[in-house]
Amino acid sequence: MLNTIMSPSVLSQLSIHSRHGRVCVSPCFSLQQRNNSTSPKIKVDLDSSTGVAVLRMQSPPVNSLSLDFLTEFCINLEKLEMDRSCRGLIITSTLSKVFSAGLDIMEMYGKSPERCGEFWKAVQEMWLKLYGSNMATIAAINGSSPAGGCLMSIGCDYRIMADNPRYSIGLNETQLGIVAPFWFKDTLVNTVGNRAAELSLELGLLYSAPDALKIGLVDQLVPEDQVLSTAQDTMSKWLAVPDHARQITKSMMRKQTIDKLLSNREADITNFVSFITKDSIQRSLRMYLEMLKSRKA
Amino acid sequence: MLNTIMSPSVLSQLSIHSRHGRVCVSPCFSLQQRNNSTSPKIKVDLDSSTGVAVLRMQSPPVNSLSLDFLTEFCINLEKLEMDRSCRGLIITSTLSKVFSAGLDIMEMYGKSPERCGEFWKAVQEMWLKLYGSNMATIAAINGSSPAGGCLMSIGCDYRIMADNPRYSIGLNETQLGIVAPFWFKDTLVNTVGNRAAELSLELGLLYSAPDALKIGLVDQLVPEDQVLSTAQDTMSKWLAVPDHARQITKSMMRKQTIDKLLSNREADITNFVSFITKDSIQRSLRMYLEMLKSRKA
Amino acid sequence: MLNTIMSPSVLSQLSIHSRHGRVCVSPCFSLQQRNNSTSPKIKVDLDSSTGVAVLRMQSPPVNSLSLDFLTEFCINLEKLEMDRSCRGLIITSTLSKVFSAGLDIMEMYGKSPERCGEFWKAVQEMWLKLYGSNMATIAAINGSSPAGGCLMSIGCDYRIMADNPRYSIGLNETQLGIVAPFWFKDTLVNTVGNRAAELSLELGLLYSAPDALKIGLVDQLVPEDQVLSTAQDTMSKWLAVPDHARQITKSMMRKQTIDKLLSNREADITNFVSFITKDSIQRSLRMYLEMLKSRKA
């Protein structure tokens with residue numbers, strides 16, 4: 001299912017975009033400045049009076065989903081899931097202008113097949129834990145959220161986005177010559193319907209916040225400084241519903257989609273690894289990395 | 001699939017609502033004043049010149065779906081289905097402010113497993129007969145229509161609702177700590193799409209008539225005194241289509257959803273019975289009944 | 001799956017419509033003036049600088065989908081599909097007011113079962129080739145497009161229609177007493193969702209261009225003289241996406257629907273032939289033909 005081709009023409013397109021001064025969250029794959037510190041990439045605050053945890057992604061510059069990041073994310077999610085005092089989870093970013101820029105390209109470049117497989121398994125794990133969570137989950141999307149960032153958002157129960165047309169969200173993999181795997185696609189179809197998902201995935205569209213609202217990719221837009229507080233207010237409505245009934249209903253809605261990945265998990269990893277370790281793809285990744293570096297300079 | 005927990009917090013919520021003076025159709029489960037008369041709960045008028053039957057639900061105070069009501073409903077539906085002179089069916093209510101308040105709570109409280117199973121089989125039968133009817137079916141929704149009333153509405157081919165924001169419709173089971181079974185869910189997904197159904201079922205949302213129109217839960221709003229006449233006009237358009245072609249098309253659209261219940265019918269009954277006869281659920285039902293009674297006083 | 005009944009009441013309805021002066025593209029089935037010339041019914045221009053082919057349907061009066069037309073269409077499609085220099089396909093009509101009026105009734109009247117089967121196989125082939133094409137495909141719908149013309153349109157990746165309320169589009173088979181087969185239905189559901197498809201197919205609705213936009217049956221309306229140029233502009237956006245990624249994504253979205261016909265192809269043909277060769281249907285077709293002829297006179 002997963003296949004990728006990085007085309008040089010797309011890479012040059014990206015660099016043209018940056019020359020024209022767009023807010024430039026590297027779409028789809030992102031390059032983090034390596035940070036050898038062991039400072040946590042994620043901060044969690046659980047309010048035991050409300051039962052609501054706020055998970056803040058704080059890994060500059062763009063909350064790239066590296067293996068370390070995903071591991072930390074999943075450990076935190078699991079802790080909250082096991083904590084009976086936690087009923088609701090709000091996910092947001094501490095960074096300016098970006099929620100998450102998606103999968104970290106450095107996890108796919110020059111790495112062994114074993115390491116690539118480990119990385120992809122962590123991407124799967126993030127989605128499985130989030131889409132199937134027993135907690136009520138709200139994405140407080142206070143910045144751009146392409147590719148993996150979009151996947152994280154549509155893995156939640158509800159999406160509130162900053163009402164800023166410069167922020168965008170979408171599964172734009174195709175624009176970079178790669179293909180969103182079937183479970184990205186299934187989650188998008190479940191959210192916006194078949195036709196909007198088809199158009200969106202074939203063209204690799206990034207939607208501005210207002211356009212994302214129009215197609216139902218997000219549920220609500222609010223002024224940027226009210227994203228978190230609105231998420232808190234909304235969460236209290238979700239928690240007014242008896243947990244058990246909400247959880248069984250959520251499972252009834254999502255189980256089939258989750259089971260599809262669970263029964264194809266190894267094949268999905270094998271596909272990813274055999275693709276990403278191809279010489280042609282590695283060459284494309286190198287070109288892409290060099291482009292990103294030159295853009296920074 | 002079906003599981004229920006009644007939480008005291010929800011019950012107190014409901015009583016707070018009634019204190020604040022909302023039009024109070026007991027949502028989801030309703031409590032009928034027992035009526036030992038054998039007067040029919042349903043009145044059917046078939047106009048042999050047009051081939052259109054109007055089925056009026058006339059079981060005060062809120063057209064609760066009791067076993068007696070459902071049995072009468074199904075017998076009438078079956079008669080019309082067999083009557084070759086009847087091509088179209090309009091379902092409406094003679095009561096002020098309410099179409100149907102849904103399943104009768106008294107059928108689930110203090111009853112033997114056998115009786116509970118008989119009741120649930122009748123609920124299934126009502127939906128199977130309606131969703132799969134060869135007649136063109138229009139719901140003329142002249143009042144609120146929560147839970148089972150909503151199921152009856154979305155079982156029809158077309159929904160016309162009174163344009164009154166005080167009337168609401170929706171599958172609000174989750175609000176009461178119970179879960180709509182898979183075939184309620186499937187019917188809702190077929191009507192409003194996956195995402196609106198997910199949001200609606202997880203939160204147990206009741207939509208005001210205008211909101212119901214927005215998400216496609218009803219097809220048309222008209223002034224309250226024109227609900228039935230508009231249904232008659234609309235029916236004439238449906239009957240302009242050759243019956244045979246319309247019937248085969250309807251079956252093509254709905255067969256898969258119907259077959260899913262048909263092949264899981266016994267398991268669905270077993271699930272319901274084992275759930276509803278639990279001590280904890282029976283205790284919750286008693287509390288709910290006492291709350292409804294005190295509200296009347 | 002496929003079944004048809006032509007009812008005289010519908011036929012007389014049609015003739016009433018024409019008396020009232022509506023632009024009258026024979027809906028659903030069309031009657032071509034027989035043209036014994038071997039002049040091509042289709043003209044293809046491939047711009048090798050852009051990689052975009054424009055396929056013009058030029059079979060007056062209404063681009064009926066006859067066996068000859070469909071064969072020519074499929075041969076052209078196959079040539080372009082094999083031509084590595086061709087990446088995008090725009091389908092439009094040279095005729096005034098009509099894109100295509102759908103399947104040619106003459107292919108179904110008084111023909112042998114073998115010939116009917118050959119015809120239906122060609123209809124299947126047209127859809128299979130178009131819906132599964134590796135090219136980016138855009139329908140430039142510059143006129144009415146009922147039944148088979150609508151199927152051709154929704155087989156493309158994107159639909160641009162002339163902003164003229166007198167032009168209509170839809171799968172209106174039911175109005176004529178016949179039933180769209182399951183793969184017409186599946187394609188429509190994939191495009192407009194389950195509920196809009198259900199309503200549309202049960203009533204055999206033809207949508208004016210503005211209404212078609214509202215339900216998502218077409219993607220964009222533009223002034224009539226800009227349909228083709230807008231299609232060209234739009235195509236350049238589609239071709240900016242790397243072909244390989246777009247193709248794999250398209251296949252991921254459509255494969256299941258295509259496979260369903262592929263594994264039921266012979267049964268679908270058998271159904272069609274046994275239906276269309278029935279005496280009652282042949283009588284209805286003759287009445288329909290006579291009505292169309294008298295309308296011309």
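The chains referred to below are lettered A, B, ... by the order of the sequence lines, with proteins before strands, and numbering in each begins at 1. No experiment lies behind these values; they were computed from the predicted model shown.
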| request: Check the surroundings of atom CG in A:Asp45: do more than 12 heavy atoms from other residues, nucleotides or ligands lie under 6.0 Å from it? | output: yes

| field | Residue B:Lys121 excluded, over 12 heavy atoms near NZ under 6.0 Å | value | no

| Listed by residue number, which members of residues 228-238 of chain A have a heavy atom under 4.5 Å from any heavy atom of chain B? | A:Lys237, A:Trp238

| task | With sequence neighbours left out, write down each residue that passes salt bridge (charged side-chain N to carboxylate O under 4.0 Å, His left out) with A:Glu198, or none if nothing qualifies. | result | A:Arg195, C:Arg254

| query | Can you name the nearest heavy-atom pair linking A:Pro242 to B:Gln175, along with the distance? | reply | CD-O, 3.9 Å

| task | Answer yes or no: is there a side-chain heavy-atom contact under 4.5 Å between A:Val241 and B:Glu202? | result | no

| Those residues that, when tested against A:Glu78, pass side-chain hydrogen bond (donor to acceptor under 3.5 Å, both in side chains) (two or more places apart) | A:Lys129

| Roughly how far, to the nearest 0.5 Å, is CZ of B:Phe182 from NZ of A:Lys255? | 14.0 Å

| remark: Against chain B, residues from residues 210-223 of chain A with at least one heavy atom under 4.5 Å, in numeric order, are A:Asp219

| Is the shortest heavy-atom distance from the side chain of B:Asn194 to the side chain of A:Met253 under 4.5 Å? | yes

| task | Let me see the working for B:Leu201 and A:Lys250 under side-chain contact (heavy atoms from CB on, under 4.5 Å), right down to the final yes or no. | result | CA-CA 8 Å; B:Leu201 291 172; A:Lys250 182 171 176 173; over 6 Å; no

